[in-house]
Amino acid sequence: MPASNRPFFRMGLFLGILSFGLLLVGCYPTHFQSTFDAAGYVAEKQLTLFYYIFWAMAFVFVAFFVALLYTVLRFRRRQGHDEIPRQVHGHTPLEIAWTVPPFLLLAVVAVPAISVLFELDTPPADAMEVNVIGHQWWWEFEYPEQPGILTAIVTANELHIPVGKPVKFTMTSTDVIHSFWVPKLAGKQDIIPTRKIVMWFQADRASPEGGFYGQCAEFCGLSHANMRLRVIAEAPDQFEQWVKGQQTPSKPAVELAGLAAEGANLFANVSFEGGQRCVFCHTVQGQAIQGKVGPNLTHVGSRGLIAAGILDNTSEDLGTWLQNPPGVKPGAKMPNLLLTDDQIEKLVAYLQSLR
Ligand code: HEC
Ligand SMILES: [Cu+2]
C-alpha cells in the first residue's frame with residue numbers, strides 16, 4: 001500500500017469497527033425491540049432457528065477463510081517462480097468437492113428451517129382470535145370472541161392478551177401494505193389489502209410496564225415510523241378484567257355534566273373545519289353516528305397512549321393532538337379541525353370520560 005493511502009485506510013478501519021459495534025448494540029437483549037429476548041413460544045422457536053443457522057454459517061465462514069488464507073499465503077507467487085501453475089480444469093474430485101458439501105450444508109439448514117416454518121404456520125386449535133386491521137398509520141384490534149356492547153370489542157394500538165394462551169391473528173389492511181411486528185413475540189408478517197393473512201403468537205411471560213413494543217415494519221407512507229403498537233400481556237384474570245371493562249358502556253353522554261357534557265355535544269353535533277364532525281370518523285358506542293375512519297373511541301380513556309404510540313394519553317397530549325394532528329404526526333388522516341382552546345378543553349374532558 002502506498003504510504004499516502006495509509007491514513008485513509010486507518011480511518012476506514014476505524015469507522016468500520018465503530019459502525020459494526022454500533023450495529024451490535026441493536027442486538028442487546030434488554031432493548032425494547034430486541035429479537036434476542038424471546039418472550040413466547042413462537043419467538044423462541046424462531047430465535048433457536050436463527051442461532052442454529054447463524055452458527056452453521058459461522059462455521060462455513062471460518063472454514064472458508066482459513067482455507068482461503070492458507071491458499072493465498074502458501075501458493076503466492078515467489079521470486080524466480082515464473083512458470084504457470086498446474087492447470088486443473090475439469091478436475092472431477094474438485095468438482096465434486098465444491099458441489100456436494102455446499103449441497104449438504106444447505107440441507108442442514110433447510111431441514112430445520114422448513115420444519116419450523118410448517119410447525120408455526122398453523123395456529124393451535126385453542127387459540128384466542130383477534131382481527132388486526134392495518135390503517136395508515138395506526139392499528140385496529142377486534143376481538144370477535146369477546147362480544148362488546150354492540151359488536152365485538154374494538155380497540156386501537158394497544159393489544160391486550162392473556163399470558164400463556166396462543167393468539168391467532170387474522171389480518172388485513174384498509175389501504176396499503178403494512179407489516180405487523182412485535183419483535184419479542186414473533187417475526188414480521190406483511191398484511192395486504194383484500195387478503196386475510198393468519199399468524200399467531202403466545203406470550204409466556206407478562207409484559208413489562210408499558211407492554212411489549214411493536215411497530216409497522218413495511219414502509220407504508222409518511223408516518224410509517226409513527227405506526228407503533230404495544231402488546232400488553234397480562235395474567236388471565238387481569239385480561240378478563242380488561243375485557244369486562246371494555247364490555248361495560250362508558251357513561252352515556254346524557255349523564256355527563258359540565259365540560260364533559262359540552263364536549264360530548266361538540267363531538268356529536270358540531271361541524272368543524274370542512275364540515276367535519278368527530279362522529280363522522282370515530283365510533284363511540286351509544287352515539288347515533290358511528291364513523292369508521294379513525295380509532296374506535298368508546299374506551300379511549302382506558303388506553304395508555306394515543307396516535308399509535310407517539311403521544312401519552314394525558315390531558316396535555318390529547319390537547320396537543322386535537323390542536324393539529326398532522327403537525328404531531330405528518331400525514332395523519334385526521335385533519336387539523338382548527339379547534340379553539342375552549343373546544344379542546346371540553347373535548348378532552350369528554351374523551352377522558354370514555355373509560
Ligand atoms: C376525517 C376523519 C376524522 C375526523 C373528522 C376526526 N378524526 Fe380523530 N382520528 C382520525 C384518524 C384517522 C385518527 C388516527 C390517527 C393516527 O393515529 O394516525 C384519529 C385519532 C384520534 C384520536 C386518538 C385515538 C387513539 O386511540 O389513538 C383522538 C382522541 C381523536 N382522533 C379525537 C377526535 C375528535 C375529538 C374529533 C373531533 C373534533 C376527531 N377526532 C375528528 C380521523 C378523524
Ligand atoms: Cu404501516
Side-chain angles (χ1 to χ4, degrees), residues 132-141 154-159 171-181 188-193 214-230 260 262-284 287 289-340 342-354:
V132 176
I133 302 131
H135 298 262
Q136 277 176 322
W137 291 281
W138 57 283
W139 302 91
E140 185 171 9
F141 302 117
V154 180
T155 187
N157 305 316
E158 285 180 7
L159 173 70
M171 313 198 285
T172 192
S173 160
T174 54
D175 35 50
V176 300
I177 299 176
H178 300 279
S179 178
F180 182 67
W181 190 33
K188 308 167 183 172
Q189 176 62 61
D190 273 15
I191 56 181
I192 298 169
Q215 76 176 74
C216 181
E218 174 72 41
F219 181 68
C220 59
L222 214 52
S223 263
H224 161 64
N226 296 324
M227 184 168 169
R228 306 181 197 160
L229 71 132
R230 300 285 179 90
E262 291 184 56
N265 182 48
L266 288 173
F267 192 87
N269 304 316
V270 176
S271 300
F272 301 104
E273 180 67 15
Q276 295 279 15
R277 286 195 222 171
C278 309
V279 282
F280 289 172
C281 291
H282 292 288
T283 290
V284 170
Q287 295 281 12
I289 303 172
Q290 304 194 328
K292 304 273 186 237
V293 179
N296 185 313
L297 298 178
T298 302
H299 289 284
V300 65
S302 71
R303 302 204 266 271
L305 300 156
I306 55 164
I310 59 166
L311 290 176
D312 289 327
N313 194 3
T314 57
S315 318
E316 206 188 336
D317 280 11
L318 271 169
T320 309
W321 175 252
L322 294 180
Q323 188 132 46
N324 182 9
V328 177
K329 190 168 178 177
K333 303 286 180 189
M334 175 165 161
N336 184 347
L337 298 166
L338 304 182
L339 306 173
T340 64
D342 176 59
Q343 289 168 330
I344 290 175
E345 195 186 355
K346 291 169 181 164
L347 284 165
V348 168
Y350 173 58
L351 291 168
Q352 290 184 327
S353 79
L354 302 172

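Counting starts at 1 for both ligands and their atoms, in listed order.
- Formation of a donor-acceptor pair under 3.5 Å by the Asp175 side chain with backbone atoms of Gln136 is found in this model.
- In the model, Asp342 has no side-chain atom that pairs as donor or acceptor with a side-chain atom of Thr340 under 3.5 Å.
- Atoms of ligand 1 found under 4.0 Å from any heavy atom of Asn157, numbered from 1 in the order shown, are 27 (O).
- Within the 4.0 Å heavy-atom criterion, the part of Arg303 lying near ligand 1 is the side chain and not the backbone.
- When non-hydrogen atoms are compared, ligand 1 lies under 4.0 Å from neither the backbone nor the side chain of Leu266.
- Each of Thr155, Asn313, Asn157 was checked for a side chain to side chain donor-acceptor pair (under 3.5 Å) with Arg303, and the lone residue meeting it is Thr155.
- Among protein heavy atoms, atom 16 (C) of ligand 1 sits closest to Lys329 NZ, 3.2 Å.
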For a side-chain contact (heavy atoms from CB on, under 4.5 Å) check, start with the C-alpha distance between Leu266 and Tyr350, then their side-chain angles and the critical distance, and finish with the verdict.
CA-CA 9 Å; Leu266 288 173; Tyr350 173 58; over 6 Å; no

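- Of all the atoms in ligand 1, the ones that sit under 4.0 Å from a non-hydrogen atom of Arg277 are 5 (C).
- In terms of modelled atom types and a separation under 3.5 Å, the side chain of Trp139 and the main chain of Arg230 share no donor-acceptor contact.
- A distance-only check finds a donor-acceptor pair linking the side chain of Arg277 to the backbone of Ala268 [under 3.5 Å].
- Within the 4.5 Å cutoff, side-chain heavy atoms of Thr174 are placed close to those of Ile133.
- Residues that satisfy the salt bridge (charged side-chain N to carboxylate O under 4.0 Å, His left out) test with Glu262, not counting sequence neighbours, are Lys346.
- If you take CD on Gln323 and CG on Leu338, they are separated by 10.0 Å, rounding to the nearest 0.5 Å.
- Identified under the salt bridge (Lys or Arg N to Asp or Glu O under 4.0 Å) test for residues 328-337, with sequence neighbours left out: none.
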Might you work through the side-chain contact (heavy atoms from CB on, under 4.5 Å) test for Gln352 and Ser315, ending with a clear yes or no?
CA-CA 8 Å; Gln352 290 184 327; Ser315 318; 3.2 Å; yes

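- With hydrogens and angles disregarded, a donor-acceptor distance shorter than 3.5 Å links the side chain of Thr283 to the backbone of Gly291.
- Trp137 counts as a contact of ligand 1, since one of its heavy atoms falls under 4.0 Å from the ligand.
- Close approach of ligand 1 to Pro335 (heavy-atom distance below 4.0 Å) involves ligand atoms 1 (C).
- Taken from NE2 in His178 to OG in Ser173, the straight-line distance is 4.0 Å, to the nearest 0.5 Å.
- Atom numbering of ligand 1 starts at 1 in the shown order; those under 4.0 Å from a heavy atom of Leu318 are 29 (C).
- In this structure, the side chain of Glu158 engages the main chain of Leu305 through a donor-acceptor pair within 3.5 Å.
- For atom 41 (C) of ligand 1, the closest heavy atom belonging to the protein is Leu337 CD1, 3.5 Å.
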side-chain contact (heavy atoms from CB on, under 4.5 Å), that's the test. Do Val154 and Thr298 meet it? Break it down for me.
CA-CA 8 Å; Val154 180; Thr298 302; over 6 Å; no

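- Remark: distances from the non-hydrogen atoms of Trp321 to ligand 1 include one below 4.0 Å.
- At a cut-off of 2.8 Å, measuring from the Cu ion (ligand 2), the protein N, O or S atoms that fall short of it are His178 ND1, Cys216 SG, Cys220 SG, Met227 SD, waters left aside.
- In Leu347, the part holding a heavy atom less than 4.0 Å from any atom of ligand 1 is the side chain.
- Residue Ala307 holds the heavy atom nearest to atom 25 (C) of ligand 1 of all those in Ala307, Gly304, Gly291.
- Which parts of ligand 1 touch Leu351 is read off a 4.0 Å heavy-atom cut-off, strictly below it: atoms 29 (C).
- Here Thr314 contributes atom OG1 and Leu318 contributes atom CG; the two are 6.5 Å apart, rounded to the nearest 0.5 Å.
- The residue among Val300, Val284, Leu322 with a heavy atom at the shortest distance from atom 32 (C) of ligand 1 is Leu322.
- Protein atoms that are N, O or S and lie under 2.8 Å from atom 8 (Fe) of ligand 1 are these: His282 NE2, Met334 SD.
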